[in-house]
Structure formats: C-alpha cells, structure tokens
**Student:** 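Pasting a structure below so you can have a look.
Just so you know, these numbers come straight off a predicted model, no measurement behind them.
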Amino acid sequence: MTHAAAVRRAPVVAAAVVTLAASTTLANRVLPGWAYPLCGLVAAVVLVALARAAGCTWGDLGLRHLRRPALTGLAGAALVAVVFGVALAVPALRTVYQDGRVGDPDFGQLLWLTCGRILFGTVLIEEVAFRGVLPALFGASDERWRWRPILAAAALFGLWHALPALAIGRNAAVHAVFGSTPAVVLQVLAMAAAGAAGIFLHWWRHTGRGVLASVIVHFTTNAGGLTLAVLVR
C-alpha cells in the first residue's frame with residue numbers, strides 16, 4: 001500500500017478501532033449475556049461496511065470465495081481435533097482444560113455457549129475484524145504474505161483480549177505455571193499469546209484465501225476447548 005493510500009484510509013482504520021473498542025466494552029462490561037453474540041454480529045456488519053466504503057473488495061476482505069476456505073478450514077479443524085485427542089489421552093495434559101471460568105453448564109447451556117456466544121460473539125467478529133477488515137485496510141493481500149499488515153492486525157488482536165485476559169489465571173494449567181505471577185504481567189502475557197494466535201489464524205485465512213477458513217479453525221478450537229473443559233471438570 002502506498003503512503004497516500006494509507007493516509008486516506010487512516011480515518012477508516014480509526015473508526016474500525018473505535019467500533020471494536022466499543023464492542024468489547026459493551027459485550028464484556030455493559031450488555032446482558034444474551035446480547036453478547038448480537039453485539040458481535042452488529043460490529044462485524046459495521047466493520048465490513050466501513051471497509052467497503054474505503055474501497056476494499058470482497059476478495060480483500062476474504063469474503064468472496066467459500067469452497068477453498070471451507071476445505072482448508074475443515075483440514076485445520078481435523079488437525080485441532082487430533083491435538084484435542086492427544087490432550088485427552090495424556091492425563092498430565094488434562095489440566096489445560098480445567099478452567100474455573102467454565103462453570104457447570106448443561107447440554108442446552110453448552111449449545112448456547114458454543115453456537116451462540118462463541119460463534120457469533122467471539123469467532124465471527126474476531127475473524128471478520130482481525131483476519132478480514134483490518135488486514136485489508138492495512139494492505140494485506142492473498143497474492144503474497146505481507147508481514148507488516150498482518151503483524152499490525154495481530155497486535156490489535158492482542159489488545160482486543162485485554163479484558164478477557166484478566167481472568168486467564170483461573171485456568172488450572174496457567175495457575176500451576178504462573179500462580180505467583182502478578183496479574184498485570186499475566187494479562188500482558190495472555191495478550192501476547194493472543195497476538196501470536198492471530199498470526200496463526202491469519203495463515204489459515206491466507207492459505208484458504210478466505211476468512212471462512214480461519215472461522216472454522218477458530219470455532220473448532222474455542223468450542224472444542226470449552227466442550228472438553230466441561231467433560232473433564
């Protein structure tokens with residue numbers, strides 16, 4: 001992206017960041033639980049509208065194709081399932097899924113958490129924003145891997161997790177390793193890990209030439225992790 005193009009898109013980037021900041025604040029601190037996925041869905045629509053107004057194509061946003069992204073995403077989901085299977089088979093690894101944030105949901109609540117909150121309130125908004133809209137606004141392209149826009153989007157993805165990272169110490173494995181670590185340091189580490197995960201997820205989006213690929217991998221990881229946490233509690 002040229003300097004002139006970056007300057008022209010700066011107000012749109014600022015508007016996108018403000019939209020995301022408002023969304024995460026509303027979802028995590030203001031709105032009732034039932035509105036969490038609705039907030040994510042509305043924010044995703046607003047972000048796509050902003051990017052389209054700035055001249056981004058559907059291809060730039062990773063929203064043009066379905067078949068290749070779907071197949072790539074399913075391959076990633078299968079890989080995630082293998083990792084989960086190994087974790088279940090090795091007793092020492094099961095502490096990763098012992099998380100105090102999970103509670104004791106029944107089947108209906110688990111279905112709501114995975115297909116409601118996680119799918120629309122977490123995965124959809126995060127993939128549209130951080131693997132679609134923001135990389136496109138920063139100048140990412142499916143033609144070749146460009147580190148600068150991908151790292152910029154990943155850094156914002158880490159910042160996006162500032163509020164959720166406050167509760168990371170309630171995970172048994174995290175507490176066992178970092179139990180004496182100050183909360184603010186643990187929060188920063190969790191945000192850095194989220195940023196690294198953002199790069200990983202963008203690789204799936206880039207390989208699949210579409211956000212649907214990273215959506216499937218992200219959903220499998222989050223929903224599968226929650227389901228396992230419920231099963232091993």
Side-chain angles (χ1 to χ4, degrees), residues 62 67-127 130-131 145 150-151 153-154 157-158 160-161 164-181 185-233:
R67 186 174 183 274
R68 175 169 173 169
L71 293 175
T72 303
L74 289 173
L79 180 61
V80 171
V82 170
V83 173
F84 282 160
V86 172
L88 279 178
V90 180
L93 296 178
R94 292 181 184 176
T95 56
V96 174
Y97 301 103
Q98 294 174 3
D99 199 316
R101 296 168 294 177
V102 171
D104 188 24
D106 58 27
F107 178 76
Q109 292 170 327
L110 182 61
L111 192 63
W112 157 248
L113 290 172
T114 54
C115 297
R117 287 182 62 90
I118 288 179
L119 181 56
F120 291 100
T122 300
V123 174
L124 180 67
I125 176 59
E126 290 183 353
E127 293 311 308
F130 298 102
R131 259 64 69 184
W145 184 272
I150 293 168
L151 288 176
F157 187 55
W160 164 264
H161 284 80
L166 291 172
I168 192 66
R170 295 172 66 185
N171 178 275
V174 172
H175 181 74
V177 177
F178 300 101
S180 61
T181 304
V185 175
L186 199 58
Q187 181 186 23
V188 171
L189 290 175
M191 290 163 61
I199 298 173
F200 169 79
L201 286 167
H202 193 94
W203 184 87
W204 287 103
R205 177 258 193 265
H206 181 79
T207 301
R209 298 296 188 269
V211 166
L212 181 59
S214 55
V215 164
I216 294 174
V217 174
H218 194 164
F219 175 73
T220 303
T221 302
N222 284 29
L226 174 61
T227 302
L228 289 179
V230 171
L231 292 176
V232 303
R233 69 186 186 278

**Student:** Answer with yes or no after comparing the ring centroid distance for H202 and W145 against a 6.0 Å cut-off, counting only values under it.
**Tutor:** yes

**Student:** Decide if atom CZ of R68 counts as having more than 12 heavy atoms of other residues, nucleotides or ligands within a radius under 6.0 Å.
**Tutor:**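 Result for CZ/R68: enclosed.
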
**Student:** How many angstroms lie between CZ in F130 and CD1 in I199, if you round to the nearest 0.5 Å?
**Tutor:** 13.5 Å

**Student:** So which heavy atom on A213 is nearest to which on G208, and how close?
**Tutor:**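 Answer, listing the atom of A213 first, then G208: CB-CA, 4.2 Å.
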
**Student:** When rounded to the nearest 0.5 angstrom, what is the spacing between CD in E126 and CZ in R131?
**Tutor:**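 Between atom CD of E126 and atom CZ of R131 there are 7.0 Å.
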
**Student:** Rounded to the nearest 0.5 Å, what's the gap from CZ on F219 to OG on S214? Could you check?
**Tutor:** 14.0 Å

**Student:** Can R117 and T122 be said to form a side chain to side chain contact (heavy atoms under 4.5 Å, CB included), step by step?
**Tutor:** CA-CA 7 Å; R117 287 182 62 90; T122 300; 5.8 Å; no

**Student:** Would a 4.5 Å heavy-atom cut-off, applied to side chains only, mark W160 and I125 as touching?
**Tutor:** yes

**Student:** Rounded to the nearest 0.5 Å, how far apart are NE2 of H218 and CZ of F200?
**Tutor:** 11.0 Å

**Student:** Decide yes or no for L79 and W204: does some side-chain heavy atom of the first lie under 4.5 Å from some side-chain heavy atom of the second?
**Tutor:** yes

**Student:** Quick one: pull up OG1 in T227 and CZ in F84 and give me the separation to the nearest 0.5 Å.
**Tutor:**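 These two atoms lie 8.5 Å from each other.
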
**Student:** Would you say that L119 contacts L124 through its side chain, given a criterion of any heavy-atom pair below 4.5 Å between the two side chains?
**Tutor:** no

**Student:** Which one of V217, I216, N222 satisfies the side-chain contact (heavy atoms from CB on, under 4.5 Å) criterion with T220?
**Tutor:**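 With T220 as partner, side-chain contact (heavy atoms from CB on, under 4.5 Å) holds for just one option, I216.
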
**Student:** Measuring from atom CG of L228 to atom CG of L88, what distance do you get when rounded to the nearest 0.5 angstrom?
**Tutor:** 4.5 Å

**Student:** Kindly give the heavy-atom pair with the smallest separation between G158 and A194, and that separation in Å.
**Tutor:** CA-CB, 4.2 Å

